[in-house]
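Just so it is clear, the model here is predicted, and its values are computed rather than measured. Heavy atoms only: backbone and side chains are in, while hydrogens, waters and symmetry mates are out. Order of appearance sets the numbers: ligands from 1, and atoms from 1 within every ligand.
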Amino acid sequence: MQLKGIQRLELPPAADMHVHLRQGELMELMVPTVRQGGVDTVFVMPNLIPPLTTVEQVLEYQSKLQSLAPDVTFLMSLFLHPSVTPEVIAKAAASGITGVKMYPQGVTTNSESGVSNLESFYATFAAMEQHDLVLNLHGEVLESLAPAGTTLEEAFLPTLKTLHERFPKLRIVLEHCTTAAAVEAVKACGPTVGATITAHHLYLTSDEAHCDPFAFCKPIPKNPTDRDALVRTVVSGNPKFFFGSDSAPHPLQSKTSAEKGKAPAGVYTQPYVTQLVLLGLEEAIDRGVITEADVTEEKLAGFLSQFGRRFYKLPESSGKIVLERKGEKIPASVSNKDGSIEVGISKAGTEVFSLRWE
Ligand SMILES: O=C1C[C@@H](C(=O)O)NC(=O)N1
């Protein structure tokens with residue numbers, strides 16, 4: 001296959017192992033965009049207001065999502081908090097909850113009740129290891145804790161190693177990894193440690209993220225070398241790395257009216273998420289970072305669909321998505337019927353594959 005020249009491409013539906021679907025009216029607008037982007041399975045983040053710290057809250061949220069999209073599989077997570085005790089973990093496992101997300105306190109959107117001391121959660125992690133729940137890490141330290149010259153993500157990597165050594169059977173996902181160093185750190189761990197890679201970190205760098213509010217997110221995109229290391233990882237066929245878009249919608253108004261550098265963090269990619277991964281690879285071919293021969297259907301299916309399902313112990317999807325070049329361009333935004341909520345989409349105006357389900 002020659003990605004740049006190909007007119008039609010068939011793939012298994014994507015499994016997007018890191019999504020923000022929000023709540024209320026914004027959730028109602030977001031949920032239908034999951035399948036629009038070619039995705040049939042999502043791992044849903046719990047950083048709502050208030051954060052989802054009880055099994056009951058998570059199950060109630062799941063049933064709302066499920067009623068909005070009966071044909072999507074919603075894998076659910078708890079927000080790591082002192083109230084998530086080993087007893088809560090046992091109950092979560094019995095209720096079909098998949099994972100627990102760790103947000104360092106204050107590092108990103110709705111993470112004010114996040115974690116300031118990981119060691120205080122070791123009993124919870126031991127229970128997660130015992131009940132086979134996944135630990136999902138927002139792998140960054142607070143700016144005040146990062147040594148000069150190190151990224152917030154690189155400063156977190158020793159913690160990943162410590163957790164893996166201490167809990168070798170605990171499945172851990174380093175979410176939305178953005179640096180070559182993070183890729184190497186994940187490779188150095190055993191098979192219980194994996195990582196998600198987003199679409200937008202395959203095409204954004206810090207230059208764009210600092211001047212365009214629609215490219216601003218956490219972790220901040222890094223330099224071209226890091227971006228290109230992520231692209232190479234996607235086409236490497238290494239099953240430790242799988243797709244998780246971190247699609248993070250914020251009302252357009254909050255992005256455009258914020259003072260420079262103060263916009264809420266989050267890049268919204270969900271309605272075109274499969275196409276945006278392909279676009280990231282196409283741009284990398286143009287830059288000479290990878291070649292046409294590096295991108296095969298097998299590797300795309302592995303990264304987008306199979307590796308994530310395998311890590312989460314799910315069966316493969318029986319569905320199919322078809323991507324065709326028809327001159328479709330990404331619209332500027334999605335909005336609800338009465339226009340009261342509008343969310344800007346990443347890479348608006350760019351020509352991408354059209355996607356349909358078969
Ligand atoms: O980790 C996160 C959270 C997300 C959000 O908006 O919830 N936005 C981000 O950019 N990164």
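- Checked options R325, E328, K326; the residue passing with S354 is E328 (criterion: side-chain hydrogen bond (donor to acceptor under 3.5 Å, both in side chains)).
- Atom 10 (O) of ligand 1 has as its closest protein heavy atom K218 N, 2.8 Å.
- Interface of C217 with ligand 1, defined as ligand atoms under 4.0 Å from a residue heavy atom, comprises 10 (O).
- Between F243 and F303, the ring-plane angle classifies as tilted under the 30° and 60° cut-offs.
- Using a 4.0 Å cut-off to heavy atoms of H138, the atoms of ligand 1 that qualify are 1 (O).
- The distance from ligand 1 to the heavy atoms of A248 drops below 4.0 Å at these ligand atoms: 4 (C), 5 (C), 6 (O), 8 (N).
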One pair to check against salt bridge (charged side-chain N to carboxylate O under 4.0 Å, His left out): K299 and D294. What are the steps and the verdict? CA-CA 9 Å; K299 284 181 184 167; D294 291 321; 5.3 Å; no
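- Under the 30°/60° scheme for interplanar angles, the aromatic rings of H138 and Y103 are found to be tilted.
- Cation-pi geometry between K347 and Y272 is not satisfied (NZ or CZ under 6.0 Å from the ring centre, within 45° of the ring normal).
- The closest side-chain donor-acceptor pair between S340 and D338 falls under 3.5 angstrom.
- Here the shortest heavy-atom distance to atom 7 (O) of ligand 1, taken over T198, N47, D246, belongs to N47.
- In this structure, the protein non-hydrogen atom closest to atom 3 (C) of ligand 1 is T108 OG1, 3.3 Å.
- Closest to atom 8 (N) of ligand 1 among all protein heavy atoms lies A265 O, 3.0 Å.
- Listed by number with element, the atoms of ligand 1 under 4.0 angstrom from any heavy atom of H250 are 6 (O).
- For ligand 1, none of its N or O atoms has an N or O atom of P219 under 3.5 Å away.
- Remark: distances from the non-hydrogen atoms of R22 to ligand 1 include one below 4.0 Å.
- A donor-acceptor pair shorter than 3.5 Å cannot be found between the side chains of T179 and K222.
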